[in-house]
Structures are given as structure tokens and as C-alpha cells.
Amino acid sequence: MNLSRLVIPAITACLAGCGGEQSMFTPAGPEADKVLFLTWSMVLLFTAVFLLVMALTLAAFVAPERWRSLLRDERLVVRMGLMFPIVVLSALLGWGFWLLERAGHAGEPADITIRVEGEQWWWRVTYKLDDGSKLETANEVRIPVGALVELELVSADVLHSFWVPAWAGKMDMIPGRTNVLRFRVETPGTVRGQCAEYCGGAHALMSLYGVAMQPDAFADWLARERSTARPLQVHPGRKVFISTGCGACHQVRGVVEPGGAGPDLTHVGSRLSLGAGLLANDAGAFEAWLAHHPTLKPDNRMPTFEFLTAIERRQLAEYLDALE
Ligand code: CUA
């Protein structure tokens, strides 16, 4: 069989993964640019080293005796096998630190500070507003373009890693510690991120969206997000929400506060996804989540609520979807 018939589709399939909304190869700001530059520099350098080693290996077999005796020399083995990697890797490490340290804008005051907390298996996102108040949302980080963003990355349970490849490099979320990630995004638009550290069974289902908005649009969004939930005051789904005790974990500001273990749902209907990047966001998806969440996201901490009737689930789904 012609090998190219296998190799070419395989390479195409791999490269197809390099584009799209969750790709470090389409950087949306200077930090992601630097990470990409560092990546390509390393790829080129290591390719050159690989080719050099292969050429020397080949020479050891087929070159004239004069060359081969040179390659047998112990001093060459020490220099190339020990000194060369130490020097090259140390220089690369220092350069990487320098490059990404500059990317961190150390000392500059941030324009906006957002705390992102990794939970099994979703993201609690808290905006620290200028007036000292806090605003909680989930599974979506919205920022104004051009602003210096500071993310305080923490964990509620186990190790997670925050990674929105088009925005910046990944950074671990470590229990008992706050890691700070600073970056700017220049290109408006929606990108996708993914938890990049194995954190339990549903780790692969722990995604999020990053949305970079024009400052005016961001201010409008923030103002709407700060408002309490108003829609459907008399909807039957609202009664189901309250009587079933959803509020023990989920806050809906203006209806039940302060929530707790689960994501804030005050404006859940306006988010880009359900279940941390798992489902689209519409009434059908809410209904599917309520009925099948233990299979959709295995071992998630929400109780099953099997006692809800199909009608109650439908009403609850409609109510949640209307919380925009
Ligand atoms: Cu959280 Cu992997």
C-alpha cells in the first residue's frame, strides 16, 4: 500500500487541530504572541539539534577514518553530550523566563481583576469591581480589549490549570495558593479554553469561553450582569426552583441568595454554554441537563433530582433559560 495514502491524511488531521477557537496558533494578544514565538523558536532550535545529532551519527558510520577518530574522542563526547545541553537548555530557560516575565507586566497596575476558581468540574468567575463589590458568574470570562487583565487563579478542591490558548499561556490552579496571570487581548471575539491539568473523571469536560469585548460593550454587559434576575416572576418554573431547594447551591440574585457549592445562575440564560462548555444554551439543553446530568458529566456534585416530573423539568428549564 502506498504509504503517502496513510501519512498525508494523518498529518492533515493533526494540523486541522492547530486552528479554530481553541488554538495557540491564532493568538489574540501580545502574551499569546510571545508564547507562540517561544514555541516556534524551540521547535526550530530542537530540529537543528536533532539534525546535527543525526548527521554526526551517520558520520560515525560512513565518514573517512580521520573524522571518525575525531568523533571517538572522549573530549568531544563530554563537550557535545554534557556541556552543550547544559548551556543550550539553561540559556533557553533564562530567555523563556525573561520573555514571559516581560509579558506579565510586573509592577503595572491592572485595569481589571478577576478571580477564577477551579472546581470539579467548572469555573467560578468573580469580578472584583472598582467600587469594592464583587460579581459572581461562571464558566465564561469576559474582558474588555486592550485592558491589562489580572486573573487570580485559585482552586476549591484539586489541581486544575487555566488555559485559554488564544489569550495566554496556561497556569496551574493550586489549592491553598493564588497564582496570578496577567495579559492583554487586542483582538475582540470569542475563544475557547480548557482545564489543562487532570483533575478527576470529568476533567476533559471542564471547558470555558473567553470573550474579549469592545470597552463599551463590556461596560453594558457588566451593568446587565450586575442587575438582579427579573424575568418570569410568576412562571411555574420559578416555584419549582424555589420549592425544590435549587437555591441551596445555586444563587439567583433577587430570588435566592447567597447560593453556595454550585454556579451562580442569575443570568445563566445569557451564557454561551451549559455545563462548562458541554451543551448549547437553550431550554432543551437545560431540560437535558436536568434529566441526564449524571451521564453528561459523570460524578458531578449536583444531586440527581429524579423526583421531578417531566412537566416540572420542562418548567424549570424554561425558567432558567429565561434568566438572561
Ligand atoms: Cu480541572 Cu482538569
Side-chain angles (χ1 to χ4, degrees), residues 14 17-18 20-28 31-32 35 39 100 113-128 134-143 149-183 185 190-212 249-251 259-265 268 271-281 285 288-289 292-304:
C14 289
C18 298
E21 59 180 5
Q22 189 174 301
S23 172
M24 62 165 291
F25 292 98
T26 45
E31 277 64 40
V35 174
T39 304
L100 298 180
T113 305
I114 308 168
R115 180 185 159 97
V116 184
E117 190 166 14
E119 308 241 5
Q120 285 175 316
W121 289 273
W122 59 283
W123 314 81
R124 190 188 296 272
V125 180
T126 310
Y127 290 77
K128 294 186 164 179
K134 288 178 181 172
L135 174 69
E136 190 179 313
T137 156
N139 300 329
E140 202 165 289
V141 177
R142 290 185 181 250
I143 56 167
V149 178
E150 180 170 291
L151 296 187
E152 296 176 357
L153 302 175
V154 294
S155 168
D157 35 48
V158 297
L159 277 179
H160 301 273
S161 181
F162 181 90
W163 193 29
V164 179
W167 281 4
K170 67 181 78 155
M171 191 175 274
D172 280 357
M173 303 168 119
I174 301 168
R177 188 190 150 86
T178 302
N179 278 344
V180 174
L181 180 64
R182 306 174 115 226
F183 59 90
V185 172
T190 301
V191 294
R192 201 169 184 278
Q194 165 68 38
C195 178
E197 176 78 46
Y198 181 74
C199 53
H203 151 74
L205 305 175
M206 184 172 171
S207 303
L208 78 160
Y209 281 99
V211 187
C249 295
H250 296 288
Q251 164 169 266
D264 181 296
L265 300 180
V268 67
R271 289 183 200 147
L272 294 168
S273 71
L274 274 194
L278 193 59
L279 302 172
N281 189 339
W289 175 264
H292 307 297
H293 70 84
T295 20
L296 288 168
K297 187 172 279 195
D299 297 333
N300 84 75
R301 289 163 67 194
M302 182 163 134
T304 53

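Heavy atoms only: backbone and side chains are in, while hydrogens, waters and symmetry mates are out. Note that the structure is a prediction, hence the values are computed from the model and not measured. All ligand and atom numbering here is 1-based and tracks the order in the structure.
Every residue meeting the side chain to side chain donor-acceptor pair (under 3.5 Å) condition with Glu152, not counting sequence neighbours, appears here in chain and number order: Lys128. Residues that satisfy the ring-ring contact (aromatic ring centres under 6.0 Å, His included) test with Trp121, not counting sequence neighbours, are absent from this structure. The side chain to side chain contact (heavy atoms under 4.5 Å, CB included) test applied to Ala196 returns Ser161, Trp163, Lys170, not counting sequence neighbours.
Comment: Arg142 engages Glu140 in a salt bridge, judged by a side-chain N to carboxylate O separation of less than 4.0 angstrom.
Using modelled atom types and a 3.5 Å distance limit, the side chains of Thr126 and Glu136 yield no donor-acceptor pair.
Around atom 1 (Cu) of ligand 1, protein N, O or S atoms at less than 2.8 Å number 4.
Classified by interplanar angle (parallel below 30°, tilted 30° to 60°, perpendicular above 60°), the ring pair His160/Trp123 is tilted.
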